[in-house]
Number of protein chains: 2
Amino acid sequence: MIKRPAKGASGAGAHDERRIPNATVGRLVTYLRILDRVRQDGIERISSAELSERAAVSAFQVRKDLAYFGSFGTRGAGYAVASLSKELEGILGLSRSWNVAIVGVGRLGEALAHYPHLERYRFLLRALFDVDPEKVGRTISGAHVHPVDRLADVVRDLRIDIALLTVPADAAQPAADRAVAAGVTGILNFAPVVVTAPPHVHVEPVDFLAGLKRLSFHLHDADAPAVDVVPGDARAEPA
Amino acid sequence: MIKRPAKGASGAGAHDERRIPNATVGRLVTYLRILDRVRQDGIERISSAELSERAAVSAFQVRKDLAYFGSFGTRGAGYAVASLSKELEGILGLSRSWNVAIVGVGRLGEALAHYPHLERYRFLLRALFDVDPEKVGRTISGAHVHPVDRLADVVRDLRIDIALLTVPADAAQPAADRAVAAGVTGILNFAPVVVTAPPHVHVEPVDFLAGLKRLSFHLHDADAPAVDVVPGDARAEPA
DNA sequence: TATTGTGAACCGGTTCACAGCG
DNA sequence: CGCTGTGAACCGGTTCACAATA
């Protein structure tokens with residue numbers, strides 16, 4: 001039943017048996033969301049066609065994505081919503097909790113701290129950091145705001161896994177370096193700069209300004225046919 | 001074979017018929033940022049190698065990306081920072097201004113409204129919308145908060161180009177539909193759902209929750225925690 | 001029969017080697 | 001001689017056709 005990344009086999013997961021396309025990981029997140037939604041409607045089974053339509057991708061894509069990790073469906077019938085949901089949670093590492101810290105308590109940092117879905121998905125806000133003494137000492141969503149000088153200690157003590165970087169562009173790379181040195185292995189970078197880190201650390205950019213500028217390109221480009229991303233057609237299997 | 005580069009200064013009518021990879025567009029944004037930064041340091045010329053290093057990509061990639069649009073460099077020497085900057089701005093459609101509206105005045109919507117770089121890049125906040133009567137009537141960063149019922153009228157009157165969707169997941173698709181019907185052609189979707197739109201509308205997702213979950217996957221994957229009994233091969237994989 | 005699972009073809013983007021030019 | 005510009009090879013991800021099977 002429990003199929004782990006790629007072929008199960010014995011021994012610990014260790015190395016990557018198969019390289020998972022980054023795009024696939026992103027779609028798995030989408031599938032999981034859809035399954036959660038669908039489950040709330042009391043639906044217990046779903047086909048790859050139906051799932052694909054809601055995710056705005058092809059049914060082939062859905063099946064291929066899932067196939068990287070095992071066989072979760074039933075031929076003839078589709079997938080059991082509850083069990084596939086569980087599987088995806090396991091695959092995505094969402095069946096455990098993660099300790100997160102927010103570095104940079106500006107408007108965005110504060111907005112994130114208050115975001116209710118964080119805790120819901122077991123991303124536990126454990127600490128915040130800021131240079132401004134004015135902000136240090138406050139408690140937001142149950143977490144303390146520390147001075148950045150204390151970052152190393154606090155990150156180590158609280159075993160922070162992931163840092164949410166919401167500092168100004170200039171401060172992003174230094175902050176990332178410090179977080180990494182203190183043991184963080186995941187960085188969600190909201191700053192509008194490229195942040196680099198050693199290979200064992202994963203950096204995910206969340207760059208709305210860049211998104212805005214990509215939009216600008218496409219609108220400016222006027223009649224150019226849609227490039228990527230835009231669904232445009234949600235065709236399933238050709239009849 | 002025939003490649004009609006959209007060269008020719010930063011003229012407006014530069015809609016080329018070449019398919020630009022979405023990833024390329026994203027990198028152009030990065031290059032432009034780097035050039036702006038570099039220019040502030042008084043540097044006037046830069047090579048593809050140097051640019052590529054700061055953007056964390058290969059030099060081949062930089063040259064190929066630029067080649068989609070023309071030849072902006074000087075062989076032997078590199079690129080003139082100022083002029084390449086100008087070119088990229090033109091290509092990305094950043095030499096004109098765009099009218100934007102924020103739909104959903106929660107914490108995130110408000111944080112975005114106060115973001116100073118918006119105006120700096122000529123994304124002009126013209127209106128905000130919310131269902132909450134409590135919020136309607138306020139003025140944030142010089143823009144009025146309207147009831148969502150008025151969305152169609154206001155979007156049309158103010159010629160809004162881009163909608164920033166900062167509403168809850170359930171409200172995202174309906175809000176997008178209304179914005180599109182009123183003439184918006186670009187949507188920056190912050191809600192954690194797939195939003196679809198007709199082909200002439202471009203949707204860019206900015207999904208930090210998804211980013212967090214992708215991080216979770218990678219950390220989970222690399223993690224070989226198993227408090228003990230981890231068969232050899234403890235090395236992290238290279239790039 | 002309906003729908004999943006998958007090897008193989010296909011396509012697009014990245015990498016490369018080198019031609020072109022200052 | 002150095003660095004850009006680009007046709008071509010390469011590679012990874014998507015698409016597809018079909019075999020497997022409940």
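Each chain gets a letter, A, B and so on, in the order its sequence line appears, and its residues count up from 1.
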note: B:Y79, atom OH; C:dG22, atom P; distance rounded to Å ~ 15 Å
side-chain contact (heavy atoms from CB on, under 4.5 Å) with A:L32: of A:T30, A:D36, A:I34, only one passes, and it is A:D36
Among the nucleotides C:dT14, D:dA20, D:dT6, whichever has the atom closest to the side chain of A:R75 is D:dA20
- Query: Would the number of heavy atoms belonging to other residues, nucleotides or ligands and lying under 6.0 Å from CD of A:E119 be above 12?
  - Reply: yes
Can a donor-acceptor pair be found, under 3.5 Å and without considering hydrogens, that links the side chain of A:R33 to the backbone of B:P192? yes
Applying salt bridge (Lys or Arg N to Asp or Glu O under 4.0 Å) to B:R122 and not counting sequence neighbours gives none
Rounded to whole Å, CZ of B:R19 lies from P of C:dT14 at a distance of 14 Å
A:L66 CG to C:dT6 P, in whole Å, measures 11 Å
In whole angstroms, the gap separating P of C:dG20 from CZ of B:F72 amounts to 21 Å
note: A:Y68, atom OH; D:dG13, atom C1'; distance rounded to Å ~ 6 Å
Kindly say whether the aromatic ring centers of A:Y115 and B:F208 come within a distance under 6.0 Å. yes
Within residues 37-65 of chain B, those residues having any heavy atom closer than 4.0 Å to DNA chain D are B:S47, B:S48, B:R63, B:K64
Query raised in the report: Just wondering, more than 12 heavy atoms not from B:R96 lying within 6.0 Å of its CZ?
Result: yes
